Each structure stands twice: as C-alpha cells, then as structure tokens.
Trainee: 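I am attaching a structure below and will ask some questions about it afterwards.
The structure presented is a predicted model; accordingly, all values stated were derived computationally and were not measured.
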Amino acid sequence: MRVGASGLSVRQEAGSLPLTALREVLYQQSIALMEAQSITKTISRKRRKDVAGPNGTTDEDHVPIKVARHTMGVREPAPFSDELKVDRSNTYRRVSMEEAKLGTPIERPVRVYADGIFDLFHSGHARALMQAKNLFPNTHLIVGVCSDELTHNLKGFTVMNEAERYDAVQHCRYVDEVVRNAPWTLSPEFLEKHRIDFVAHDDIPYSSAGSDDVYKHIKDAGMFAPTQRTEGISTSDIITRIVRDYDVYVRRNLQRGYTAKELNVSFINEKRFNLQERVDKVKKKVKDVEEKSKEFVQKVEEKSIDMIQKWEEKSREFIGNFLEMFGPEGALKHMLKEGKGRMLQAISPKQSPSSSPTRDRSPSPSFRWPFSTKISPPASPGRHSRPTAATYDISEDEED
C-alpha cells in the first residue's frame, strides 16, 4: 500500500525507522495525501444579498473551514513532545487571533498550549481540553503536565503519580502532543521552543508561586485564549467525597480483598469495620423482610377487599332471590293461593239441579286432612254403630 507522494510504504518505513521518526513520516505523508486530494486551504466566497445589509453593500467574506484531524492522537496515544522531530529550518512566526479564527493552512495549524496537573483525570479536564481544541478551525493542541516534584512543592500532594497523569492525558482524544515536566510559569524561551501561538486556560486569575496571576504576562501579550470551567466537578471535590465517606470506602475495599495493611488501617479499626459491615448486612436483611411483609400485607388486604366485595354482591343476589320467592308478594304465596283454591274446589260437594227428581244418595264421607288425629266419638247405644277409626277416604268426585 502506497501512501502520499513519496511512494514509500508504511510497512517498509516501519522496518527501517524508529517510532519517533515513523510518526513524523506518517504525519508528513498524511499532509501530502490531503494536498493531493486538493483540499482547499481557505474558502473565499462572495455573498450576494437581495436586500442590502446593514452597510448597504456586498462584501467578500473569508469563511474558515473545519480541517480533518491529521495528528497521531486519532488512533493511538498522543506522542510526547521530546519524542517528535521538529523541523527547525522554517522560521517560526506566531499567527494573530484574526488569522487563527479565519483558518490557517493545513501544514500550519494553530498551536495552542494548555497546562495543568490533571490529577484524577475527570470530565472537567476533558471538557477544558475540548474547548481548547475547538478554539480555531485548525488547531494543534499541546498539553503540558507538571511533574510530581514541582506539583508537591507548589500545590500539594497528588493521588496519581506523574507517569499515571501523563498516560491519562495521552489518551484524551483532543490532545495532539504532551509535554512532560511542564514549567509552572511559561517563559518566552519555552513558548519559542514549542512554537506556541496561544495559551488556553480559564479566565480566573491563578495565584501561585508568589504571583497574583501566573498567566498575566500571557494575557498582556495577547496570547491568552480563555476557556470555561465545568462546575460541580474537580479533583478537590472528588477527594472531598472520599475523605467524607472514608469509612464506607475502607469497608468497600476490605470487602473486595484488600488487607488492613494495604489500607493503612489498624487492627482495632479493621475489626470495627468488619463488625459494622455485618450489622449493615443484618439491617439490610431486616429491611428486605419488612418490605416483603408490607407487600404481603398489601396483597392480603387487596384480596380481602375483593372477597368482601364479591361476598356483598352474592349476599345481595341471595337476599333478592329469597324475597322474590318467600316475600309478601313472592312466588310461593301465589302458589299457595292457587293450591288452596284448587283443594277447596275439589273438596266442596257438587249441588244437584233443582229440577231433577229427588233421589236417595248416600252421603259423601267427610274429608279429613291426612295429618288429623281426631277420633270420632263412640256411638250411643241402641243406634247403628259405624267404625270409630279416623276416616281418610275421599268422595268419588275427588277420585275423579
């Protein structure tokens, strides 16, 4: 695979060049490739207006373009400045703010420098570097990281050592170059050595090393590009959270297998933390049981309310049916009335017509209810006696 106008393959150069030189070659080849593809350096266009603008004329504007990132930080960690080979043949000339905003040629990006401690690298650091990277259309971001010795003397102790802080900044996507052992105050010699055009930092005066603002001379020279701090997140805030909840994090690490010696915890405190951990587990179990009990009671209440409602519905239905059957105007009363009328009609004797001749007819035996227990009185002597047993016979008409 051939890359750029030189015609050298990456594989051939990789076998014959050290890592620093290889990075420089890839950098030059990427520039040549973009030039071969005729990427314009600056777009100039005429803007014609149908309606006159504020000045009543048609002007020609130079529109800056967004340039594709061509540095090594795209696919691998950003290189250290002392590992890059810099071409000193060309005279360094700092670009002005107007030139930088309009856009610079591909081979001449605006070199912006941002420095810091970057301890416990967090989103606030990343956002500040993102702002510095996007200050101009074509920006090469150089980030300086102070050493442990300088930081401990002028600011305080750090959680991460300098190697860890260097590595964290290297892997930020916005960084193109990292300066190790960066100075606390920027000198003209340092700015000239790294060919820095602008210095990016928040606009709050930074008092340190006997100065009210270490960036005052940079601001006076017109090289300062302000960025905004991210509120609510800082290294000091993170450390404050850890110190505030010290016991919680010690117990957390003890539970994860760290020894008391590694955590610099005494024997008594270790036992105290272990006991507290057991107590918390018991509390958690009790809380879980309480929550489950509440859920169970709630379910029982819901089911009982549902059962009561169903019982009320069934009871209303039962009472309605009962009243419909046995009430004052119920079906049973009508049935009894109809049955009584039929029985009275059945037991009453039929009257003979008055015009028919009179004939002797044996009297119908009297009707008695089956449940009657009354016995006929004994017949008087001298009369024709009849059986004294209770009579349960019915007349011939009833049989019919």
Side-chain angles (χ1 to χ4, degrees), residues 20 23-32 34-35 39 41-42 64-74 76-116 118 125-146 166 169-203 214-215 217-227:
T20 305
R23 287 174 173 168
E24 184 65 24
V25 169
L26 290 175
Y27 177 73
Q28 298 296 334
Q29 287 179 352
S30 62
I31 294 175
M34 285 185 286
E35 289 177 350
I39 299 181
K41 301 177 182 180
T42 307
I65 60 172
K66 289 293 182 179
V67 181
R69 185 173 174 181
H70 54 269
T71 55
M72 295 298 296
V74 176
E76 58 183 68
F80 293 113
S81 59
D82 53 6
E83 294 179 353
L84 293 176
K85 183 180 179 181
V86 182
D87 186 9
R88 300 289 179 181
S89 60
N90 298 327
T91 304
Y92 165 69
R93 184 187 72 85
R94 191 178 73 83
V95 298
S96 64
M97 182 68 73
E98 292 75 13
E99 293 174 336
K101 288 182 177 180
L102 288 175
T104 57
I106 299 294
E107 66 274 8
R108 178 58 175 90
V110 180
R111 296 174 67 84
V112 178
Y113 178 81
D115 58 357
F118 301 105
H125 296 141
R127 288 176 179 271
L129 298 179
M130 178 185 68
Q131 294 178 57
K133 180 67 177 177
N134 290 287
L135 285 172
F136 309 107
N138 184 15
T139 303
H140 181 84
L141 181 58
I142 307 167
V143 180
V145 183
C146 299
Y166 296 154
V169 174
Q170 269 189 297
H171 287 82
C172 179
R173 61 178 298 183
Y174 310 110
V175 179
D176 300 313
E177 184 180 336
V178 177
V179 178
R180 291 180 285 194
N181 194 16
W184 200 261
T185 303
L186 304 179
S187 63
E189 294 77 17
F190 180 83
L191 299 175
E192 179 69 24
K193 176 183 177 181
H194 295 280
R195 302 192 169 194
I196 295 170
D197 295 314
F198 297 98
V199 177
H201 200 272
D202 61 81
D203 203 14
V214 296
Y215 297 103
H217 65 290
I218 302 294
K219 295 176 181 177
D220 295 339
M223 298 177 62
F224 188 80
T227 59

Trainee: Hey, would you say the Phe118 and Tyr166 ring centroids sit under 6.0 Å apart?
Mentor: no
Trainee: Is the closest side-chain heavy-atom distance between Val110 and Leu135 below 4.5 Å?
Mentor: no
Trainee: Return the minimal non-hydrogen interatomic distance between Asp115 and Leu186, and the atom names on each side.
Mentor: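 Here Asp115 and Leu186 meet closest at OD2-CD2, 4.2 Å.
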Trainee: Would you please classify the geometry between the Tyr113 ring and the Phe190 ring as parallel, tilted or perpendicular, with 30° and 60° separating the classes?
Mentor: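 Rings of Phe190 and Tyr113: perpendicular, over 60°.
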Trainee: Can you tell if the side chain of Val145 reaches within under 4.5 Å of the side chain of Arg180, non-hydrogen atoms only?
Mentor: no
Trainee: Keeping the roles fixed (side chain from Asp197, backbone from Ser96), state whether a donor-acceptor pair exists under 3.5 Å.
Mentor: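 Looks like no, no N/O pair under 3.5 Å.
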Trainee: Do His194 and Tyr92 come close enough that some side-chain heavy atom pair is under 4.5 Å?
Mentor: no
Trainee: What are the two closest non-hydrogen atoms of Ala114 and Leu141, and how far apart are they?
Mentor: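 Where Ala114 meets Leu141 most closely, the heavy atoms are CB-CD1, 4.4 Å.
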Trainee: When you look at Ile142 and Val112, which way does the side-chain contact (heavy atoms from CB on, under 4.5 Å) test go after all the steps?
Mentor: CA-CA 6 Å; Ile142 307 167; Val112 178; over 6 Å; no
Trainee: Could you state the interatomic distance from NZ (Lys193) to OG (Ser81), rounded to the nearest 0.5 Å?
Mentor: 6.5 Å
Trainee: Measure across Ala78 and Gln170 and return the closest heavy-atom pair with its distance rounded to 0.1 Å.
Mentor: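 Shortest heavy-atom contact: O-NE2, 2.7 Å.
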Trainee: Shortest non-hydrogen contact from Ile196 to Arg94?
Mentor: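 In terms of heavy atoms, the two residues are closest at O-CD, 4.0 Å.
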Trainee: What I'd like to find out is whether the side chain of Phe198 reaches to under 4.5 Å of the side chain of Phe224, using heavy atoms alone.
Mentor: no
Trainee: Got a salt bridge between Arg93 and Glu99, using NZ or NE/NH1/NH2 to carboxylate O under 4.0 Å?
Mentor: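 Looking at Arg93 and Glu99, the cut-off is met.
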Trainee: Kindly compute the distance separating CG (Asp202) from OG1 (Thr227), expressed to the nearest 0.5 Å.
Mentor: 5.5 Å
Trainee: Between CD of Glu107 and OG1 of Thr104, what distance do you get to the nearest 0.5 Å?
Mentor: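 Between Glu107 CD and Thr104 OG1, I get 8.5 Å after rounding to 0.5 Å.
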Trainee: Of all heavy-atom pairs between Leu191 and Val199, which one has the smallest distance, and what is that distance?
Mentor: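 Heavy atoms of Leu191 and Val199 come nearest at CD2-CG2, 4.3 Å.
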Trainee: Between Lys133 (side chain) and Thr139 (backbone), is there a donor-acceptor pair under 3.5 Å?
Mentor: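 Such a contact is found between Lys133 side chain and Thr139 backbone.
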Trainee: Could you give the distance from OH (Tyr215) to NE2 (His201), rounded to the nearest 0.5 Å?
Mentor: 3.5 Å
Trainee: Can you name the nearest heavy-atom pair linking Ala100 to Pro137, along with the distance?
Mentor: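 Nearest pair, atom of Ala100 first, then Pro137: O-CD, 3.4 Å.
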Trainee: Could you go step by step and tell me if Lys219 and Asp203 meet the side-chain contact (heavy atoms from CB on, under 4.5 Å) rule?
Mentor: CA-CA 10 Å; Lys219 295 176 181 177; Asp203 203 14; 3.5 Å; yes
Trainee: Taking NZ, NE, NH1 and NH2 as the nitrogens, is one of them in Arg111 or Asp176 under 4.0 Å from a carboxylate oxygen of the other?
Mentor: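 Answer for the salt bridge query: no.
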